[in-house]
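See below for the structure under consideration.
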Amino acid sequence: MFYNGLYGILPTDKTKKKLTKFQNNIEFTNVLNNLLNLSLDIYEWKNLPDTCDERLMESALLFRGYMALYKDSNGTVWSYSAGPGGELTRYGYPSKGYLYALNGVVEQCNFYWPFMDNADANGVLCLDNKMGYPMINEIIQGAYRISDAKRSLDTIAKHIKRPFIFAGTQEQVDAMKSIYNDIDNNEPFLIVDDEQMMSLKATTLSTNIESGAIKEAWDYYINTRNDVLNRLGINTKSNNDKKERMTTTETLGDLEFTQKQQDYRLEERQKFCDRVNEAFGLNISVDYKQSAAEIMIQQNQLSQGGNNEQDTSASNNW
């Protein structure tokens with residue numbers, strides 16, 4: 001039987017092999033959804049017209065690498081997912097494009113560029129990054145890496161509950177299975193009778209699962225997750241184990257890399273805002289969203305006259 005839930009189906013009677021595959025898929029889906037939500041929440045747009053949707057704008061940049069604002073014949077400005085439509089400028093930018101709405105509406109427009117004759121321009125194109133490369137590809141790959149590391153951790157945790165291989169008759173194997181089923185069900189203690197104790201006297205082989213394996217697997221998972229997040233411009237350095245503190249040079253180097261990951265995408269958005277303001281007479285802008293830690297630090301500094309030295313290691317920690 002299956003329970004049909006809001007986000008999918010939950011198995012209740014699958015074989016272990018099918019259940020494992022299901023768990024792998026669910027873990028990947030969970031990680032992917034989390035990375036998408038984090039990636040869509042890095043930048044904050046200000047002074048957008050009421051007819052423009054910030055979520056659509058960031059989603060289009062994430063999934064397609066392009067987004068555009070378009071002014072219709074009534075003078076209303078709309079946000080669209082976009083794609084280049086040919087007729088490149090001398091610098092390689094598309095002078096025409098296609099605009100896509102989620103309800104299936106498709107528009108064509110002429111893009112505004114400062115170095116062009118913009119008499120017919122009714123749209124402004126935004127690139128997510130200098131290459132116009134959709135970050136969804138990196139997010140999907142990162143989700144595979146993180147979910148695989150997490151499921152490997154789950155597997156090692158399972159093996160720790162089974163530190164040996166049992167070899168015996170079918171009767172002995174069945175008895176051992178019964179005992180381990182109780183372990184899987186988190187029974188607080190195990191009870192066997194004298195007959196079961198006699199039947200358990202068979203050959204056992206160690207699986208050589210070392211006691212530190214789960215710690216190593218956890219460190220690998222955390223490092224993998226942090227690497228993926230840092231590549232998306234999300235700082236995780238304050239989460240490092242205090243026993244394994246990096247040097248100041250190493251920390252600054254990694255923070256600079258993370259900042260660059262944010263900056264090259266922010267720069268394209270800011271250039272886009274400049275073009276929109278010139279073309280449509282608006283006053284839109286974009287910047288990073290502040291984290292809760294940053295807001296708390298700023299509030300503490302204001303409350304103490306701005307002279308206190310706060311630990312800013314948690315700044316921008318998503």
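Computed over heavy atoms, backbone and side chain alike; hydrogens, waters and symmetry mates excluded. Everything numeric here is computed off the predicted structure, so don't read it as measured data. By convention here, the first residue in the shown sequence is residue 1.
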Quick one: do I146 and R225 satisfy side chain to side chain contact (heavy atoms under 4.5 Å, CB included)? Show the steps, please.
CA-CA 6 Å; I146 294 175; R225 185 201 64 180; 4.1 Å; yes
How long is the straight-line distance from CE of M67 back to CG of L69, given to the nearest 0.5 Å?
5.5 Å
My understanding is that only residues two or more places apart in sequence, or in another chain, count here; which of them pass side-chain contact (heavy atoms from CB on, under 4.5 Å) with N74?
D72, T76
Work out which heavy atom in T89 is nearest to a heavy atom in S95; give both atom names and the distance.
CG2-CB, 4.2 Å
Run W45 and E58 through side-chain hydrogen bond (donor to acceptor under 3.5 Å, both in side chains) and show every step you take.
CA-CA 10 Å; W45 297 82; E58 284 296 330; 2.8 Å; yes
For D154, give me all partners under side chain to side chain donor-acceptor pair (under 3.5 Å), at least two apart in sequence or on another chain.
R151
Shortest non-hydrogen contact from W78 toward T51:
CE3-O, 3.7 Å
Any side-chain heavy-atom pair of I222 and N226 under 4.5 Å:
yes
Trace of the side-chain hydrogen bond (donor to acceptor under 3.5 Å, both in side chains) decision for Y112 with E278:
CA-CA 9 Å; Y112 173 94; E278 292 173 4; 3.1 Å; yes
Is the distance between the ring centroids of W113 and Y93 under 6.0 Å?
yes
State whether Y43 and R269 meet the cation-pi test: NZ (Lys) or CZ (Arg) under 6.0 Å from the six-membered ring centroid, and within 45° of the perpendicular axis.
yes
On a heavy-atom basis, which atom in Y66 and which in G132 lie closest, and how many Å separate them?
CE1-O, 4.1 Å
Taking only residues two or more places apart in sequence, or in another chain, which ones meet E27 in a salt bridge (Lys or Arg N to Asp or Glu O under 4.0 Å)?
none
Could you measure the distance from the CD atom of Q23 to the OG atom of S147? Nearest 0.5 Å is fine.
13.0 Å
Side-chain heavy-atom pair F63, L36 within 4.5 angstrom cut-off
yes
Rounding to 0.5 Å, atoms CG (L232) and CG (L62) come to a distance of 8.5 Å
Go through the steps for R64 and D128 under the test salt bridge (Lys or Arg N to Asp or Glu O under 4.0 Å), then give the verdict.
CA-CA 9 Å; R64 298 183 64 90; D128 180 71; over 6 Å; no
Report the distance from atom CZ of R265 to atom NZ of K130, rounding to the nearest 0.5 Å.
12.5 Å
Between N110 and K96, is any side-chain donor less than 3.5 angstrom from a side-chain acceptor?
yes
All heavy atoms of C126 vs all of L61, minimum pair found to be O-CD2, 3.6 Å
Among residues at least two apart in sequence or on other chains, which ones pass ring-ring contact (aromatic ring centres under 6.0 Å, His included) with Y264?
none
Might you confirm whether atom CD1 of I140 has over 12 heavy atoms from other residues, nucleotides or ligands at distances under 6.0 Å?
yes
Aromatic ring centroids of F115 and Y91 under 6.0 Å?
yes
If you link ILVMFWY side chains whenever their heavy atoms are less than 4.5 Å apart, which other residues fall into the same cluster as Y133? By chain and number, please.
M131
Hey, could you give me the OH/CG distance between Y220 and D148, rounded to the nearest 0.5 Å?
6.5 Å
For G123 and C109 the tightest heavy-atom approach is CA-SG, 4.1 Å
Are L56 and M135 connected, step by step, through hydrophobic side chains (Ile, Leu, Val, Met, Phe, Trp, Tyr) whose heavy atoms are closer than 4.5 Å?
no
So which heavy atom on G97 is nearest to which on F111, and how close?
CA-CE1, 3.4 Å
Roughly how far, to the nearest 0.5 Å, is the OH atom of Y80 from the SG atom of C52?
10.0 Å
Evaluate the side-chain proximity of K46 to N283: yes if any heavy-atom separation is below 4.5 Å, no if none is.
no
Please answer: with hydrophobic residues joined when any side-chain heavy atoms are less than 4.5 Å apart, are V286 and L282 in the same cluster?
yes
Is there side-chain contact between L99 and S81, with at least one heavy-atom pair below 4.5 Å?
no
Go through the steps for F28 and Y144 under the test ring-ring contact (aromatic ring centres under 6.0 Å, His included), then give the verdict.
CA-CA 6 Å; F28 169 77; Y144 276 121; 4.3 Å; yes
Under the ring-ring contact (aromatic ring centres under 6.0 Å, His included) rule, collect the residues that match up with Y221, sequence neighbours excluded.
W218
